[in-house]
Amino acid sequence: METIKIKYFDNEIDKIEKISKGDLIDLRAAETVKMKAGDFKLIKLGVGMKLPNGYKANIYPRSSTYKNFGIMLANSVGQIDNSYSGDNDEWRFPAIAMRDTIIRKNDRICQFEIQKIQPEIEFVEVDHLDDESRGGIGSTGTN
């Protein structure tokens, strides 16, 4: 089992608890934010972490984030590597508001997972790959 050091920048948000393998971990807004449609804001998440060497965190919106708040993650996926771990390196959610909205402190707005980083790989150029082609993008299960 890996251990992750976590620092809370705000003591009013709910703390992260141990999870089962495979579960994504909810993160909360550490500030109340009012946004107008089209606004961009780096919303404070109230935590910073020291990830183990060879790991990164991927941040995604929760499935209800758009429905509840009308915001989208500006980067599609937020990536945080283990070097972003200084005493002032608070995680943030880069939000774009699609409608006027209010996100209140302690609202669950995103989730994250811990993954191993890309292994060292080498590319070798070839003239042929597999003998059978699948037929293009979106072709799984079609003839």
Side-chain angles (χ1 to χ4, degrees), residues 1-126 129-130 132-143:
M1 177 185 306
E2 296 286 351
T3 300
I4 296 175
K5 295 178 183 176
I6 184 168
K7 176 181 177 179
Y8 289 92
F9 291 86
D10 188 299
N11 290 322
E12 295 177 10
I13 60 171
D14 293 351
K15 298 205 185 283
I16 295 172
E17 298 178 5
K18 183 179 177 184
I19 59 149
S20 300
K21 183 178 179 182
D23 289 345
L24 295 176
I25 307 156
D26 286 339
L27 291 170
R28 298 170 180 275
E31 59 185 332
T32 296
V33 175
K34 293 180 182 178
M35 299 176 74
K36 298 280 188 195
D39 284 353
F40 171 80
K41 172 79 174 164
L42 288 170
I43 301 172
K44 293 179 181 181
L45 297 173
V47 298
M49 298 181 204
K50 177 59 180 170
L51 303 174
N53 286 333
Y55 287 83
K56 65 177 180 166
N58 292 329
I59 295 179
Y60 311 98
R62 297 180 75 241
S63 58
S64 61
T65 297
Y66 185 79
K67 175 181 68 87
N68 291 341
F69 305 108
I71 59 173
M72 296 175 57
L73 180 68
N75 303 28
S76 298
V77 175
Q79 302 239 344
I80 300 173
D81 62 47
N82 70 336
S83 68
Y84 189 72
S85 59
D87 269 340
N88 296 313
D89 289 337
E90 180 175 1
W91 290 13
R92 296 171 192 251
F93 181 88
I96 296 174
M98 304 307 290
R99 65 174 192 252
D100 293 359
T101 189
I102 299 175
I103 297 124
R104 290 184 172 71
K105 188 176 201 174
N106 211 39
D107 282 342
R108 294 181 299 163
I109 59 170
C110 59
Q111 55 195 345
F112 75 101
E113 65 179 336
I114 305 297
Q115 288 186 340
K116 286 188 176 185
I117 60 171
Q118 182 83 352
E120 187 174 325
I121 57 175
E122 179 181 347
F123 293 96
V124 178
E125 186 175 349
V126 298
L129 297 173
D130 286 341
E132 186 176 328
S133 294
R134 288 183 42 194
I137 294 175
S139 63
T140 302
T142 62
N143 293 332

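For clarity, every value in this text was computed on a predicted model and none was experimentally measured.
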Specify the closest pair of heavy atoms between [X] and [Y], including all atoms of both residues, with the distance to one decimal.
{"X": "Ile16", "Y": "Tyr8", "result": "N-OH, 2.8 Å"}
{"X": "Lys36", "Y": "Asp100", "result": "CA-OD1, 3.3 Å"}
{"X": "Ala29", "Y": "Ile13", "result": "O-CG2, 3.5 Å"}
{"X": "Ala57", "Y": "Leu51", "result": "N-CD1, 3.5 Å"}

Once rounded to the nearest 0.5 Å, what's the spacing between atom [atom1] of [X] and atom [atom2] of [Y]?
{"X": "Met49", "Y": "Phe112", "atom1": "CE", "atom2": "CZ", "result": "3.5 Å"}
{"X": "Asp89", "Y": "Tyr84", "atom1": "CG", "atom2": "OH", "result": "4.5 Å"}
{"X": "Glu90", "Y": "Lys7", "atom1": "CD", "atom2": "NZ", "result": "9.0 Å"}
{"X": "Lys56", "Y": "Gln79", "atom1": "NZ", "atom2": "CD", "result": "3.5 Å"}
{"X": "Tyr60", "Y": "Leu27", "atom1": "OH", "atom2": "CG", "result": "12.5 Å"}
{"X": "Ile4", "Y": "Ser85", "atom1": "CD1", "atom2": "OG", "result": "12.0 Å"}

Heavy-atom neighbours of Arg104 CZ exceed 12 at 6.0 Å:
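Open: at most 12 neighbouring heavy atoms sit under 6.0 Å from CZ of Arg104.
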With a 4.5 Å heavy-atom cut-off, do [X] and [Y] have their side chains touching?
{"X": "Gln111", "Y": "Ile25", "value": "no"}
{"X": "Asn82", "Y": "Pro52", "value": "no"}
{"X": "Pro61", "Y": "Ile109", "value": "no"}
{"X": "Ile71", "Y": "Ile43", "value": "yes"}
{"X": "Phe9", "Y": "Trp91", "value": "no"}

Tell me, with the steps shown, if Leu45 and Ile59 meet side chain to side chain contact (heavy atoms under 4.5 Å, CB included).
CA-CA 11 Å; Leu45 297 173; Ile59 295 179; 4.3 Å; yes
May I ask you to decide whether Asp10 forms a salt bridge with Lys105, counting only side-chain N to carboxylate O separations under 4.0 Å?
yes
Apply side chain to side chain contact (heavy atoms under 4.5 Å, CB included) to residues Met98 and Ile96 and explain how you reach the verdict.
CA-CA 6 Å; Met98 304 307 290; Ile96 296 174; 4.0 Å; yes
